[in-house]
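A note on names: the letters A, B, ... follow the listed sequences, proteins ahead of strands, and every chain is numbered from 1. Just so it is clear, the structure is predicted and the values come from calculations on it, not from any experiment.
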Amino acid sequence: MDRTNTVIAFVCQADKRKKLISSLKSKYPALRVIPVICIGKLNPVIIFRLLMKEARAVILVGCEPSDCHFREGVFFSERRFFLAKEVLKGFGLNDRLLNIIWSNPGKDALVLKQFETFMQYLKETQIEKGA
Amino acid sequence: MKTYQISKSQLKQLLEPYLTAETQLIAPSLNPLGLISFNKIQNINEIALNTSIPLKPSKSYLFPESSSLVQFDEKNPHLLESDISQKKQMLFGLRPCDLAAIAYMDSFFSSNISDHDYVQRRNNTLILGVACEYPSNACFCTSMGIQPGTSIHADIFLVPSGEDFLVEELSEKGQEYLASISKGWKEASNETLATQKNEITEKTSSKLIEKIDLSKIRGRLSETYNKDFWNKYSEACIVCGACTFDCPTCSCFDMNDSMISSSKGCRYRSWDSCSFADFTLHASSHNPRSSKLHRLRQRILHKFQYTVEKMDQWSCTGCGRCIRVCPVGINTRSILKDAKEALGE
Amino acid sequence: MDETQNKSLSYLLNPAHYFGGITFLFLLIQVFTGVFLFMNFIPYVSEAYQSLIYITNLLPYGFFLRTLHRYSAFGMIIMCILHMIRMYTTGRYLRPRDVGWVTGVVLLFITLLVTLTGFLSSFDGFSQLVLNGMADLFKIGRRDFQSLLSINYGLHLLFPILIFVFLITHFSRIARPKVFPSSSLSFIFIGIMIALSGLFPIAPLPDSPNLPSGDFSPMRLFIGIGIAFLLLVILALLPYITKQKRIYAFVDEARCTGCMYCSDVCPKKAITEKNITKNGQSFQVATVINSKCQGCGICVGACRSSVIQLENHKDEILLEEVRKVWIEQTL
Amino acid sequence: MINEIRDAIIQYLKSVMKENDVVLALRSSSTPGILTPCILRNKADLDQIEAGFFHLNNLAVYLSEFFQKENRLSTLQGYLYVLCKPCDTKAVTQMISDQQINPNKLKLVVYACEGMADMKKVKNEIGLDKDIKAIDLHLTELSLTLLDGSPLSIPVSKVISSKCLECNKEYHLTMSHVFVGDEKKWKSHPYSIATAENKVLLQDQKKGKDLFDQLKAELSACIRCNACRNVCHACFCSDRCIFDKPKMTVGFLDKEISPIDNILFHMIRFYHVAPNCTACGECERICPQGIPLSHLYEYFHRLMQESLDFSAGSSDSMRQAMLSYRLGEDLV
């Protein structure tokens, strides 16, 4: 298994979302699930390093901005991830490789569907990031 | 040692053998970003000889920016020796200041403890020097006792005279290489070579902006340790490291592990600079050279004092790159002049 | 217990998520049925029992209201206890959610008192026995304990108001209070209640209250209330007793540049600036107030030179986790 | 050579400088055409000050030395006068809003700047084989004497830096400052030939793979000398940078110098700098390898203005873009 086409999913631990996502591991061998307290904690510097070296795509699953346990914490990280995606675009990388899925307790089905479409997209597009 | 006189067309014959697949010819040429630099040459007419020396020295072909020394894998613990490219290479178009720098690097890397990585690359390299006719306004090689027209540190040394080149063999490697290709070349007498060399030396050193007589302060620079002329420069310095990375004799490196997985990785060595913040950072987070003054003074004293004490030679060849590259215009020559004045010379 | 329920029922139907909501639903049933009972109940010593008979025997659906009132009282207590157990098991009682826990315990205590006063004010056999006991204790004649009865009834009306007061603080501590259970769940529970009170109504009352024999010394009642109070006090102090493994952020002051990005971003305003002096010069650096910090780590995301880190969740460890997870897969 | 702006500045500073005030300005270094920042403490040295066409440096980066960093002079009793071009004032304002400088000990000396030289263009004019021995400005002509003594004169319009051609000749400062020179006359004829809005950037012409390949080729020349990081006023944690993390705490960013690591370095640097970059162009000017960093900072500067309508350095109280949010903007 070539390590550069792994997909790393950082999942916010609220509402036992980790179980939801890790149930997908059996379906996608390249998926790695890492629980974090809140995706606001993720410094995009780590995401850049992972995208350039360890992983092919990074998925962040976190609470919707209005629904985050830490109230306005995720608003700031929403702007940060926007800038992270723009930096990827500015450098010519495919900014869809950093995929952010907002979810809240009621939307588990929607989260799974977004996950599926993203993994499908990854299958079709071959690795063109030249990593 | 014989000397030949060859025309421009025969120069192609001299460089041709190194244009094959397994060998590479490195010479100054215009790079895509619009600067003159040492690049791999595809065909001969890319070479740009009539320019001042490239801003980035050819150091990265002998002592690369970062090279992986050892690869290791914890699961089956054996050290894979990283394969240094066995490519034979020719460095062409080096001026006397660069040649003296390579001589210093040779003595540095293969003195009592020889550096395997450097020595192997150096043995694969044939060095062709050229007399310098186009100095930059930062050059001060004459103050460091180097004549722009001649050098003894190359394998083969070319002296341009009008349209032709005088080719002088300086080492067995050069002689052996020339023997294999110099069929039908016209020999030239040593006198014409010597006069041509002196003529070039006069012409170029007249173009230099100034010549500083450093003989009196050789080895006495450490007395200027606490003088306050250093503040004038360290206040302007932004400790960036461009001067050290573009200096042909700066040989400091840093060792690190780049882990691919928690058990596999490689230990690589990459350039480091005494201006960087973590160059002398101790594990206790104490840094003996924390301020900019310490770092700037260390760079100058290493070049003009500590190598004189240890190896009895300057480790600066006056190529002027640190002056041309400095974003804030710190001039090593004016530091030396201030030091002379501070020592009362 | 939590995981299995999540898997079996979808999120909306799973009662475990709405214990609190169901308790509130029962409270509303109580208030709704209580208003009707209040209209027909006369709290005088002489007419109390008669009005009770009127409600259960004569008033159309009167017996239904009373049984519903009684059963949802039991339902409310059971759901409240289940809600507390779930909060305890999922660790939602620890600091900073302790205020919600304490008000919850107080609410439970008041509910118990309401049910007690409810039984006493119904003035049937059992309640008269207790009231007689109380009268002896307070040395007033057994006949005229009208004052006791009206106090009891008054309390029975006052306590629900108290409950609502505490509920306001209880709900305000939750970011998005799910006050009402999901519509499907509430219909289910109302249906159960109606079915129960329809199938097993309270037996119609005999004409005169049959006084059970023997005396009932109120001391046991007061001791019971005392013990319950003590238990609940211990329960209330639980979050402060348990040793909490809390995660704080901490700042490596040697490398902090004092730009205060972290304090702008902190949702709990737990980071302030502080001036430290090092060899004679004063710096501004960030510092974390541990009591306010909730360990969310959003400051870690905002810090440029990754100077602020959560205690044992450093960024470097995150990378090790990536590699560890990678190893697990290949083995 | 008469340079009336410089004399006006020196004359103003001489009149206003008190006992332990300090002046941060530029003076000539012995390399022709390049000025060296200097800290002048007494009136006698004021005559060394240079300004005008060769004022290339943005002195804002030294200010954090005065207030926050290790070897600082924050034991400064008097005032600090800083010689600023109008476009450098944005950098100072941004550093104040990032709490790297406290403005009450600071006084800016802004002057009527008619544009600055672009030494790369001067070098192209001379040719690669010759070099400058001395350089001077006579009104609209640059008069040079080359190494072999031959004189050469180049019109200023040929070597003025492209940044100045877009200068709309305005600046906004709330802190205490003084304007040397005739402000109305200076504002009367802005250059602004190519206004910033309709500038076509590399990211507009190329997308995806070939943009990545071009940037990768350019950035592979990078030797990671950190000059662009240390000269940038927005990269204010210069000696506590995430790339300088001491070995004991395992820094997760390697110091390897390879095309991929260079891209990672510049990606992270521009991610950090994008909100407070004022597009002063210093990083491209001083890059020893001549890497055209304007391809990157122009894109992020425009991005900040268009999508978050935040222009760095516009006000010293408003915090940078990443520290505020608007409800319902759902950017991602």
Side-chain angles (χ1 to χ4, degrees), chain A residues 4 39-40 42-55 58-68 70-103 114 125-131, chain D residues 201-203 206-219 241-243 251-254 256 258-275 295-304 306-308 310 320-332:
Chain A
T4 54
I39 56 169
L42 262 178
N43 201 334
V45 167
I46 298 177
I47 295 174
F48 290 142
R49 177 201 155 111
L50 288 179
L51 274 179
M52 290 307 282
K53 287 199 167 167
E54 257 92 3
V58 172
I59 303 173
L60 307 176
V61 182
C63 319
E64 240 173 2
S66 59
D67 175 31
C68 170
F70 304 109
R71 288 195 173 75
E72 69 272 4
V74 188
F75 280 102
F76 294 115
S77 43
E78 182 185 15
R79 271 211 170 175
R80 255 182 261 140
F81 295 139
F82 163 73
L83 182 57
K85 276 171 101 82
E86 286 302 323
V87 166
L88 288 175
K89 226 185 278 180
F91 274 79
L93 291 163
N94 171 3
D95 74 326
R96 285 195 58 184
L97 293 181
L98 167 61
N99 186 359
I100 291 124
I101 301 174
W102 301 118
S103 89
Q114 277 176 321
T125 58
Q126 24 74 17
I127 304 176
E128 90 279 327
K129 109 160 116 74
Chain D
L201 302 181
L202 174 70
Q203 276 77 2
K206 292 191 171 175
K207 285 275 187 297
K209 185 86 179 68
D210 43 16
L211 171 65
F212 179 74
D213 289 345
Q214 172 171 353
L215 286 178
K216 184 173 176 185
E218 279 166 10
L219 289 176
C241 170
I242 196 169
F243 283 95
F252 54 83
L253 293 166
D254 301 340
E256 217 169 337
S258 69
I260 290 301
D261 282 281
N262 291 350
I263 291 177
L264 187 60
F265 170 78
H266 287 279
M267 223 193 237
I268 292 173
R269 202 180 92 72
F270 275 107
Y271 164 72
H272 281 161
V273 143
H295 290 168
L296 292 165
Y297 70 71
E298 293 288 355
Y299 173 73
F300 291 115
H301 191 66
R302 189 183 67 178
L303 167 82
M304 278 296 138
E306 269 165 14
S307 48
L308 300 176
F310 172 86
Q320 52 122 323
M322 286 299 128
L323 301 178
S324 56
Y325 61 90
R326 281 197 304 275
L327 284 178
E329 65 189 348
D330 48 42
L331 296 160
V332 169

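Between atom CD1 of residue D/Ile260 and atom CZ of residue A/Arg49 there is a gap of 12.0 Å, rounded to the nearest 0.5 Å. Residue D/Lys207 holds its NZ atom at 13.5 Å from CG of A/Asn94, rounded to the nearest 0.5 Å.
Between A/Arg80 and D/Tyr271, the shortest heavy-atom contact is CG-OH, 3.1 Å. Residue A/Phe82 comes nearest to D/Ser307 through the heavy atom pair CZ-OG, 3.5 Å, listed as atom of the first residue, atom of the second, then distance. The two atoms that bring D/Leu215 and A/Gly90 nearest to each other are CD1-O, 3.5 Å, heavy atoms only. In plain terms, the two heavy atoms of A/Met52 and D/Leu264 that are nearest each other are CG-CD1, 3.8 Å. Heavy atoms only, all atoms of each residue included: A/Phe91 and D/Phe212 are closest at O-CD1, 3.4 Å. Considering every non-hydrogen atom in both D/Phe300 and A/Glu86, the closest pair reads CE2-O, 4.1 Å.
Ranked by non-hydrogen atom pairs under 4.5 Å with chain A, the options D/Ala321, D/Pro275, D/Pro259 are led by D/Ala321.
Neither the backbone nor the side chain of D/Leu201 comes within contact range of chain A; no heavy atoms are under 4.5 Å apart. Looking at D/Asp210, neither its backbone nor its side chain comes within 4.5 Å of chain A, counting heavy atoms on both sides.
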What verdict does the side-chain contact (heavy atoms from CB on, under 4.5 Å) test give for A/Val45 and D/His272, after you've listed the backbone C-alpha separation in whole Å, the side-chain angles of each residue and the deciding distance to 0.1 Å? CA-CA 9 Å; A/Val45 167; D/His272 281 161; 3.5 Å; yes
Starting from the C-alpha separation in whole Å, work towards a yes-or-no answer on side-chain contact (heavy atoms from CB on, under 4.5 Å) for D/Met267 and A/Leu93. CA-CA 11 Å; D/Met267 223 193 237; A/Leu93 291 163; 2.9 Å; yes
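A/Arg79 is not listed as a side-chain neighbour of D/Leu323, based on a closest heavy-atom distance of 4.5 Å or more.
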